[in-house]
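These numbers come from a predicted model, not from an experiment. Reminder, nothing fancy here: chain letters follow the sequence lines and each chain counts from 1.
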Amino acid sequence: MEYNFTSIEKKWQQLWQEKGSYRVSNDSSRPKYYVLDMFPYPSGAGLHVGHPLGYIASDIFARYKRLKGFNVLHPMGYDAFGLPAEQYAIDHGIHPAVSTETNINNFRRQLDNIGFCFDWSREFRTSTPSYYKWTQWIFLQLFESWYDRKQAKARPIEDLVQLLEKEGNAHHPCPGEPRLRFTAVEWKGFDVRRKEEILMNYRLSYCGLGEVNWCEALGTVLANDEVINGVSERGGHPVIKKKLRQWYLRITDYADRLLEGLEKVDFSDAMKEMQSNWIGKSFGAEVTFEVYTTAGGGGVAGGGGVKPQLTVYTTRPDTLFGVDFMVVAPEHEILNSVIPDEHKAAVDEYLTYVKSRSERERMAEKKITGCFTGAYAIHPFSGLHIPIWTSEYVLAGYGTGAIMAVPCGDERDFKFAQYFNIPITNIIGDVYNGQEANPTKEAILENSDFLDGLVMKDAIVIAINRLEEKGIGIRKVNYRMRDAAFSRQRYWGEPFPIVWKDGIAVPMEEKDLPLELPHIEKYGPGPEGEGPLANVPEWTARRLETNTMPGYAGSSWYFLRYMDPHNDEVFCSRAASDYWGQVDLYIGGTEHAVGHLLYSRMWTKFLYDRGWIGHEEPYKRLVNQGMIQGSSRFVYRLELRGSHNIDELTRQTPVFVSYGLREGGGELHELVTAAVRNIFDNPNIDLTTIAVSTLHVDVNIVDGVELDLEAFKKWRSEYANAQFVLEDGKYICGSEVEKMSKSKFNTVNPDDLVARYGADTFRMYEMFLGPVEASKPWDTKGIEGVHRFLRKLWRLFFDETKGKIWTTENATDAEWKVLYKTIKKVEEATERFSFNTGVSALMIGVNEITDLNCHKKEVLEKLIITLTPYAPHVSEELWQVMGNEGSILDAPYPTVQEKYLVESSKNYPVAINGKTRTELNIALDATQQQVEDIVLADDLVKKWLEGKSPKKVIYVKNKMINVVV
RNA sequence: GCCCUGGUGGCGGAACUGGUAGACGCGCAGGACUUAAAAUCCUGUUUGCCGAAAGGCGAGUGCGGGUUCGAUUCCCGCCUGGGGCACCA
């Protein structure tokens, strides 16, 4: 009987589905375990072999936990709103709902192929009204909440209104307008509009103005990476900064808790570091400088008699006397009032340049640019006039959008000063060498007035105290993180349940949710930078918000919905969320490190604050899967330019040369020359203008690096007559590791591999490729090895001619030893997500059992239980074949019998001065003295000692022995 | 530019807490079975030198230093691949 994986896999997939084997109940006596994959966006390109990597890993773990007796929730659904579907609609006129449906069906079919244990009865899509009803509902709760910094939690906005009526906002400063102060009496005096304006500045989801990359020609807002050198990636149209009305989430209020929460979760240190760097909490001071300018009449009192001031944020107030210039962001409002006429032209020119630059470019730029404003800040202690510059390296959104530059201590400031010839003040003596800045905090300050002689890190506090005393500065905690932009001028997203009445945002009532997305036929932008919904008359007539929510809205809470997916009373019942609690294991890529993970952590904290769920961190443990890269293959095409008829010939008969003959510079390989003359039957052909161009070729028609010539000719009609110049009778392709993508022809479709080798082989091979966390290139070649392993396993049960060969004899100690050693390794590997070594342990196990010629049921059935998470289909088949009751999915995971594994001695490596010279078998319970005696008596050791007496003998039990001479 | 991360045979990788570097698999080479092929099995496979062989000596985990009896593992500096940088998801 042969290993017929296709029929086995089909059979079991069908049976499992019929029996509902993957249905999970919210009511179980077993302990719960929640395994989740990051929400997939169903892209039109379908799955390539890189996508299922994380799903296979989580599937193995979910199945493993089930065998270990847990009630395991392992759901799947779709993050179905998003830009690609909308762009596809714009390009092809297909409604996003239609293309999304098609994509999802394809996605599902591909997933089913691989044999996952998802509970599909819990599936949902973010774009379905029954789901986004609750996304809208949570948005409304955010809108109706504010963050009480005293209690460090979100509270209903009515509570705030009551407080403001009682005591004004003295105890609860306004996060959106920090300088705003009013009393209870003043509050009561405000009109409705003013009150709403103020409340908006407290709400956790709020509407404000924000700068976006605006492309007039496309009529849309662009992402930073869609803007290249100031023009749109598509079409090359100019892009400028434009202020638009936007919704935001006040995630900055949660900054501290998002930071602290990292201590309670099991994420990698790298992940935690990335998140805390993103949050970017820093301690420092805001310092306000008087400004001297001749603009608008001159003198310290600038235009109109209002004294202009410049407030900067610094983490290093100790360097206050090393300030040589100030830099304000190009967007800084001070530029409107302090520039003397003679500097206006230069500054305007600079600002025009900056407007064309994306934030990304501004941050990445090495080239130094900037412009002197003509105004000066007055040093609060020395009274010196410090020139104020503007430069793109200072960003408006961070701190106050202005910095005090200390070139001797900051590398960027130093380079700026050097470039513009600004004299540098040294406040740290010898510690600054004049060649580069020194950012130390350990130096002793000089030239620093009241800070002279102090160590810098001690001077920080003293400087802040003095600034506060003088009333020109305050201690300040700052965050790099900004509030999250929560609106898009797009169609394919959740509509905001907001009605605009006289410029006031009025939330819709819960009973009117969901606010359904209207059907549209045209996907173009609306007027004034508004989204497509602004073109829908029925929509605008109701004065509904025309923005939609961004891609991450639906994915910020989906893990809760899986717990109770069909509930239409509430987003997730408290009973369900209390039962399942945190996601125990979350698997996904690091590309979500700071976006999705922070947003969903914030939403969870918010829902917890308001009492709708009982835990405040969504994910207990996070494992990051690496990327599977593509391994591209190249062919080298000859281009014969210069003579028209030859050019025509190469079009009809394209000529490709093998990798080793391609030659880069000038000279052609003689084989090529001869071949070309032969192909075109023209000995005098002019070869001096031949060029070789490199083209991607479909990796699926290349075996290793050898091109399948016939398949290549069929690949594209223009290659039907292709001619090849071979080396050793083969066409060898070039290769390179790149991102896996259709345009590079390096994608490999899992469907093909499953058809050829089966899902079990495919699953194991994906794991065998390397650690889940690591990025690695895909190479189909090695899959044979894993497939051979499964066939070899099969041969433990069946023989081609004899049929069934497994027996019910009792196993020997040696057989038990091999089995339990294997189980132990597999179990340990699975526990620590080292699935590649898990597969390898199974291979070794099967090799050794085969070597022992063991076909005993009691050994084999334990072995296949441990194999089940990795290769469920073949395991279930063999389980049934051996006559076992019930499904192997719920079989008890075998317990390792340690008694078979006990060893009494070990072959120790013996090293002389760190170099291994021999091996000695020594009892495991040997003492130091016994070991020394044995080792020093050994002839080989004596030889290496050359008569010298050893200094010491290092003996690490169960590890090694080292003799130091 | 900033933050995170990786670099080990021809290739994917193993070595879990500083203790025999290269498990397992691919590929390659040689062999067995076969009319032949497929499948399967066996042997070898980091590298240099010596040796018919058994084996021996040396080098070796991106590069250069350091700590240690001992470093792929820890520390410092450098080179280089990948991911992220707020409207791709």
Side-chain angles (χ1 to χ4, degrees), chain A residues 38-41 43 79 81-84 87 210 212-213 220-226 246 268-271 273-278 280 359-367 393 397 411-412 480-485 487-490 550-552 555 589-596 598 624 626-627 629 631 704 737 739 765 768-771 773-779 781-786 788-789 791-792 795 800 828-829 832 834 836-837 839-844 847 907-919 951-954 956 958-965:
Chain A
M38 281 189 188
F39 219 13
Y41 176 81
S43 107
D79 189 12
F81 276 133
L83 227 47
Q87 190 57 44
V212 294
N213 297 315
T220 53
V221 178
L222 298 175
N224 276 332
D225 53 52
E226 292 175 306
Q246 301 281 2
S268 69
D269 288 343
M271 175 60 62
E273 218 167 316
M274 274 190 270
Q275 291 203 4
S276 63
N277 288 340
W278 181 265
E359 203 173 321
R360 179 82 51 87
E361 288 168 329
R362 284 173 56 178
M363 286 188 296
E365 193 57 82
K366 276 199 216 170
K367 199 175 75 194
Y393 83 90
E411 197 52 38
R412 255 187 149 161
R480 200 185 73 94
M481 182 168 68
R482 310 195 289 256
D483 278 341
S487 51
R488 301 290 182 262
Q489 289 69 47
R490 297 286 183 175
Y552 64 82
S555 61
T590 41
E591 66 271 24
H592 298 286
V594 290
H596 161 66
L598 280 175
N624 292 112
M627 287 230 311
Q629 293 146 322
S631 183
V737 172
K739 203 174 179 139
Y765 184 56
F768 189 59
L769 225 42
E773 297 91 335
S775 291
K776 56 247 161 189
W778 178 267
D779 180 10
K781 269 245 122 130
I783 198 168
E784 300 271 0
V786 174
R788 256 171 237 156
F789 155 75
R791 303 183 87 98
K792 192 164 182 177
R795 288 199 304 272
E800 263 179 67
E828 280 171 4
R832 63 188 169 96
S834 179
N836 55 329
T837 55
V839 174
S840 131
L842 285 161
M843 286 174 165
I844 296 169
N847 287 344
N907 264 334
Y908 280 94
V910 180
I912 317 292
N913 282 336
K915 283 199 162 83
T916 307
R917 296 300 181 184
T918 185
E919 269 184 14
K951 239 189 235 157
K952 84 177 143 172
V953 177
I954 293 159
V956 183
N958 211 8
K959 294 282 183 194
M960 46 64 70
I961 294 158
N962 188 15
V963 182
V964 185
V965 187

message = Base, sugar-phosphate or nothing for A/Arg480? Non-hydrogen atoms, less than 4.0 Å.
response = base

query = Touch check for A/Glu273, heavy atoms < 4.0 angstrom, all strands: base, sugar-phosphate only, or nothing?
reply = sugar-phosphate

remark   = Output for pair (A/Leu598 CG, A/Met274 CE), nearest 0.5 Å, gives 11.0 Å

inquiry  = Taking the C1' atom in each of B/rG9 and B/rG22, what is the distance between them to the nearest angstrom?
reply    = 7 Å

key: Interatomic distance, A/Arg917 CZ vs B/rU20 C1' [rounded to whole Å]   = 13 Å

query = Quick one: A/Lys959 NZ to B/rU68 P, roughly how many Å, whole number?
reply = 23 Å

task = Mind calculating the distance between CD (A/Gln275) and C1' (B/rC3) to the nearest angstrom?
result = 13 Å

message = In whole Å, measure the gap between the P atoms of B/rG18 and B/rA23 for me.
response = 23 Å

inquiry  = Classify A/Asn907 by what it touches in the nucleic acid, base, sugar-phosphate, or nothing, heavy-atom distance under 4.0 Å.
reply    = base

query = To the nearest 0.5 Å, how far apart are OH in A/Tyr765 and CG in A/Asn836?
reply = 12.0 Å

inquiry  = The test is side-chain contact (heavy atoms from CB on, under 4.5 Å); show your working for A/Thr590 and A/Met271 and say whether it passes.
reply    = CA-CA 8 Å; A/Thr590 41; A/Met271 175 60 62; 4.1 Å; yes

inquiry  = I want to verify a distance call: between B/rU5, B/rA14, B/rG12, whose nearest atom is closest to the A/Ala270 side chain?
reply    = B/rU5

query = Checking all strands, does A/Lys915 fall into the base, sugar-phosphate, or nothing category for heavy-atom contacts under 4.0 angstrom?
reply = sugar-phosphate

message = Expressed as a whole number of angstroms, how long is the span from A/Glu591:CD to B/rG82:P?
response = 16 Å

request  = Scan every strand shown for a Watson-Crick or G-U wobble partner of B/rG19, both distances under 3.5 Å, and answer none if you come up empty.
outcome  = B/rC69

inquiry  = If I take atom NE2 in residue A/His596 and atom P in nucleotide B/rC85, what distance separates them, rounded to the nearest angstrom?
reply    = 15 Å

CE-CD distance between A/Met960 and A/Glu919, expressed to the nearest 0.5 angstrom = 12.5 Å

request  = Drop me the distance from A/Lys792's NZ to A/Met843's CE, to the nearest 0.5 angstrom.
outcome  = 10.0 Å

Distance in Å, A/Ser840 OG paired with A/Phe789 CZ, rounded so as to fall on 0.5 Å steps = 10.0 Å

inquiry  = Under 4.0 Å, counting only non-hydrogen atoms across every strand here, what does A/Ile954 touch: a base, just sugar-phosphate, or nothing?
reply    = base

query = Do the side-chain N or O atoms of A/Asn913 get closer than 4.0 angstrom to the phosphate oxygens (OP1, OP2) of B/rG70?
reply = no

request  = Describe the nucleic acid contact of A/Gln87 in one word from base, sugar-phosphate, nothing, applying a heavy-atom distance below 4.0 Å.
outcome  = nothing

ask   = Taking atom C1' in both B/rC11 and B/rG27, what distance in whole Å separates the two?
value = 7 Å

ask   = From B/rG19, B/rG12, B/rA14, pick the nucleotide closest to the side chain of A/Lys776?
value = B/rG12

request  = Output the single nucleotide from B/rC26, B/rA89, B/rC87 whose closest atom is nearest the side chain of A/Pro84.
outcome  = B/rA89

task = Quickly work out the A/Gln489 CD to B/rC88 P distance and round it to whole Å.
result = 13 Å

task = Could you tell me whether A/Val212 contacts a base, only the sugar-phosphate backbone, or nothing, with contacts defined as non-hydrogen atoms closer than 4.0 Å?
result = base

inquiry  = As an exercise, state the distance from OH of A/Tyr552 to CG of A/Asp79, rounded to the nearest 0.5 Å.
reply    = 13.0 Å

query = Which whole number of Å gives the distance between the C1' atom of B/rG25 and that of B/rU45?
reply = 14 Å

note = Checking B/rA89, B/rC4, B/rA86 against the side chain of A/Asp79 (C-beta onward), the nearest is B/rA89

P spacing across the pair B/rC57 / B/rA21, given as an integer number of angstrom = 14 Å

ask   = Which listed nucleotide (B/rC41, B/rC16, B/rC85) is nearest to the side chain of A/Lys792?
value = B/rC41

note = Any strand, both distances under 3.5 Å, Watson-Crick or G-U wobble: B/rG27 pairs with B/rU45

query = Can you tell me how far P in B/rA39 sits from the matching atom in B/rA29, rounded to whole Å?
reply = 15 Å

task = Could you measure between the two P atoms, the one in B/rG30 and the one in B/rA38, and give it in whole Å?
result = 14 Å

query = What is the nucleic acid contact for A/Glu919, judged by heavy atoms within less than 4.0 Å: base, sugar-phosphate only, or nothing?
reply = base

query = B/rG25, B/rU40, B/rG83: which one has an atom nearest the side-chain heavy atoms of A/Arg791?
reply = B/rU40

ask   = C1' atom, B/rU67 versus B/rC74: distance in rounded Å?
value = 8 Å

ask   = Should B/rG9 be called syn or anti, with syn set as within 90° of 0?
value = syn

message = So A/Arg795, base contact, sugar-phosphate only, or nothing? Heavy-atom distance under 4.0 Å.
response = sugar-phosphate

key: Side-chain N or O of A/Arg482 closer than 4.0 Å to phosphate OP1/OP2 of B/rA86   = no

Between C1' of B/rC3 and CE of A/Met481, the distance in whole Å = 16 Å

query = What nucleic acid atoms does A/Pro771 come within less than 4.0 Å of, heavy atoms only: base, sugar-phosphate, or nothing?
reply = sugar-phosphate

query = Hey, does A/Met38 reach any base, or is it just sugar-phosphate, or nothing, if we go heavy atoms under 4.0 Å?
reply = nothing

First encountered from the 5' end of RNA chain B, between A/Ala841 and A/Pro550 = A/Ala841

request  = Record whether the side chain of A/Asn277 comes under 3.5 Å of the base of B/rC3 through a donor-acceptor pair of N or O atoms.
outcome  = no

message = I need the OH-C1' distance between A/Tyr552 and B/rC88, as an integer number of Å.
response = 14 Å

message = Classify A/Ser487 by what it touches in the nucleic acid, base, sugar-phosphate, or nothing, heavy-atom distance under 4.0 Å.
response = base

